Amino acid sequence: MLPRCFSTFGGAARTFAKVVPSNLKGRSKSSQEWLTRQLSDPYVERAKMMNYRCRSAFKLLEVDQKYGLIKPGFTVIDCGAAPGSWTQIAVKQSNADGSIPAKPKGMVVGVDLLQIYPVEHATLFGNSDFLRKETQDKIRTSLGDRRIDCVLSDMAPNATGIRALDQENITTLCYSVLRFAILMSSPNASLLMKVWDNGDVPKLEKSILEYYRTVKRVKPRASRDDSAENFILARGFLGIETSDVK
C-alpha cells in the first residue's frame with residue numbers, strides 16, 4: 001500500500017513556497033537556474049522527507065498507484081537504477097523486504113552504468129552497461145529460475161546536444177530493454193520505460209504492441225513540464241518463442 005501522502009499529488013506544488021538560493025555567486029547561468037529549480041521543487045523536498053534518493057521516486061509511485069504495476073511476490077528489473085529511488089519503491093511494493101509477512105516476497109534487481117549504493121533487499125549491478133551481453137547474463141544468473149513480472153527503465157543517454165543523435169541513442173536503449181523484456185518476462189508482465197518525444201516513438205510503440213496487449217504513453221505529474229520526457233507503459237505481455245526474437 002502506498003503512503004497516504006501520495007493521495008494528494010495534485011496539491012503538492014501548492015504546499016511549498018518558491019525558494020531563492022543565496023549561494024549563486026560564481027556559478028554559471030545554467031547552474032544557477034538548476035539550483036533555483038531544485039530548491040523550489042516540491043518533489044525534491046518530499047524525497048528528502050521520505051528518505052527517497054531522488055525526486056524520480058514520485059514518477060514511479062504515481063504510475064504504480066494508478067496501474068498497479070508491482071505487487072507482492074513480483075520479480076522486478078530496474079534498468080538505469082542509480083541513484084536507487086525506483087529500486088527503493090520496487091523493494092517495498094514487491095515485498096522483497098518481507099515487510100508484509102502474509103504476502104509472498106518478491107525480488108528486485110537494479111543495474112546502472114554508475115555505481116549504485118546498496119539498497120537493502122535488492123540485488124544491484126553498478127558500473128555495468130546494460131547494453132553488454134555480459135551484464136544481461138549476470139542479471140539472468142541472479143534470477144535463477146525466476147521470470148520477470150515488471151521491467152522498469154529510467155535509462156537515458158548523456159545528451160550530446162545534437163537532437164537527432166540523442167533521439168537515436170535513447171531509442172537504441174529502449175529497443176535493448178524491450179528485447180530483454182520479451183526474452184525474460186512472464187505472461188502478463190508489464191514494461192515501463194522512459195522515452196524522449198521524437199518521431200521514432202510511434203514506431204517503437206508499434207513494435208512493443210506486437211508483444212503486449214496494451215501500450216500507452218504516460219507523463220507523471222512529477223515529470224517537469226518543460227521536459228520532453230515521457231514513459232511508455234506496456235501491459236499484458238503475451239509471451240513469445242525465444243527463437244522469434246532477432
Side-chain angles (χ1 to χ4, degrees), residues 1-7 9 43-44 46-130 132 134-156 177 180-181 183-194 220 222 231 233 235 237:
M1 182 178 294
L2 297 176
R4 279 183 198 170
C5 63
F6 296 117
S7 64
F9 272 127
Y43 292 104
V44 172
R46 279 189 158 193
K48 293 176 184 176
M49 291 169 56
M50 305 196 70
N51 292 320
Y52 293 134
R53 294 185 178 182
C54 67
R55 69 185 301 284
S56 64
F58 298 100
K59 301 174 189 178
L60 179 57
L61 278 167
E62 183 179 337
V63 175
D64 184 65
Q65 183 180 42
K66 185 171 182 179
Y67 298 101
L69 293 185
I70 308 173
K71 300 181 185 301
F74 272 22
T75 299
V76 182
I77 303 296
D78 183 10
C79 304
S85 60
W86 279 27
T87 301
Q88 289 178 293
I89 301 301
V91 164
K92 181 60 65 176
Q93 299 299 85
S94 69
N95 197 37
D97 59 357
S99 59
I100 312 175
K103 298 289 186 179
K105 289 181 67 174
M107 178 179 183
V108 179
V109 178
V111 58
D112 201 289
L113 265 175
L114 302 175
Q115 180 62 40
I116 315 171
Y117 288 103
V119 175
E120 198 171 3
H121 307 292
T123 299
L124 301 177
F125 297 105
N127 300 315
S128 299
D129 186 351
F130 181 79
R132 298 179 67 88
E134 52 263 39
T135 298
Q136 297 188 16
D137 286 344
K138 285 193 297 185
I139 296 172
R140 291 187 181 96
T141 298
S142 72
L143 292 175
D145 295 331
R146 285 177 175 262
R147 305 297 288 182
I148 301 169
D149 299 296
C150 183
V151 176
L152 306 172
S153 176
D154 197 27
M155 286 196 297
V177 172
F180 185 81
L183 285 172
M184 296 298 298
S185 291
S186 62
N188 295 315
S190 298
L191 167 66
L192 179 69
M193 61 182 175
K194 178 157 67 181
F231 292 86
L233 172 62
R235 307 187 72 197
F237 178 62

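These numbers come from a predicted model, not from an experiment. In what follows, residues are counted from 1 in the order of the sequence shown.
- The closest donor-acceptor contact from the side chain of D97 to the backbone of K92 lies at 3.5 Å or more, if one exists at all.
- To the nearest 0.5 Å, atoms OG1 (T123) and CD1 (I77) are separated by 9.0 Å.
- Put simply, the side chain of R147 never gets that close to the backbone of A189: no donor and acceptor are under 3.5 Å apart.
- In terms of the salt bridge (Lys or Arg N to Asp or Glu O under 4.0 Å) criterion, residue partners of R132 (sequence neighbours excluded) are, by chain and number, E134.
- Between D112 and G80, the shortest heavy-atom distance links the atoms OD2-C, 3.0 Å.
- Legend: ring-ring contact (aromatic ring centres under 6.0 Å, His included) pairs involving residues 68-113, not counting sequence neighbours, sorted by first then second residue: W86-F231.
- The stretch residues 91-115 participates, sequence neighbours left out, in no ring-ring contact (aromatic ring centres under 6.0 Å, His included) pair at all.
- Side-chain contact between L183 and R140 is present, with at least one heavy-atom pair separated by less than 4.5 Å.
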Stepwise side chain to side chain contact (heavy atoms under 4.5 Å, CB included) check, V76 with L69: CA-CA 10 Å; V76 182; L69 293 185; over 6 Å; no
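- Looking at heavy atoms from C-beta onward, L143 lies in side-chain contact with M107 at the 4.5 angstrom threshold.
- Note that the SG atom of C150 and the CG atom of L191 stand 8.0 Å from one another [nearest 0.5 Å].
- Between the CG atom of D149 and the CG atom of N188 there is a distance of 9.5 Å, given to the nearest 0.5 Å.
- Legend: residues meeting side chain to side chain donor-acceptor pair (under 3.5 Å) with S142, ordered by chain and number and at least two apart, are absent.
- The backbone N or O of F130 lies less than 3.5 Å from a partner atom in the side chain of Q136, making a donor-acceptor pair.
- Applying the side chain to side chain contact (heavy atoms under 4.5 Å, CB included) test to L113 and every residue at least two apart in sequence or in another chain returns D129.
- Annotation: the span from Q93 atom CD to L60 atom CG amounts to 8.0 Å, rounded to 0.5 Å.
- By the 4.5 Å heavy-atom criterion applied to side chains, V109 and I148 are not counted as neighbours.
- Minimum interatomic distance between S153 and V177 (heavy atoms only, all atoms of both residues): OG-CG2, 3.8 Å.
- Residues satisfying the side chain to side chain contact (heavy atoms under 4.5 Å, CB included) test with K105, not counting sequence neighbours, are N95.
- Applying the side chain to side chain donor-acceptor pair (under 3.5 Å) rule to T75 yields the partners R146; only residues at least two apart in sequence or on another chain are considered.
- The line from CG of L192 to NZ of K59 is 11.0 Å long, rounded to the nearest 0.5 Å.
- V119 and G84 make their closest contact through CG2-O, 4.3 Å (heavy atoms, listed as atom of the first residue, atom of the second, distance).
- Under the side chain to side chain contact (heavy atoms under 4.5 Å, CB included) test applied with D78, the options L124, V151, T87, I116 reduce to a single match, T87.
- Here the side chains of I70 and L152 are in contact, with some heavy-atom distance below 4.5 Å.
- Among residues two or more places apart in sequence or in another chain, the side chain to side chain donor-acceptor pair (under 3.5 Å) test is passed with S128 by K138.
- Remark: F125 pairs with no residue by the ring-ring contact (aromatic ring centres under 6.0 Å, His included) rule, at least two apart or across chains.
- Under the 4.5 Å side-chain criterion, counting only non-hydrogen atoms from C-beta, V111 is in contact with T135.
- Residues passing the side chain to side chain donor-acceptor pair (under 3.5 Å) test with S56 are S85, sequence neighbours excluded.
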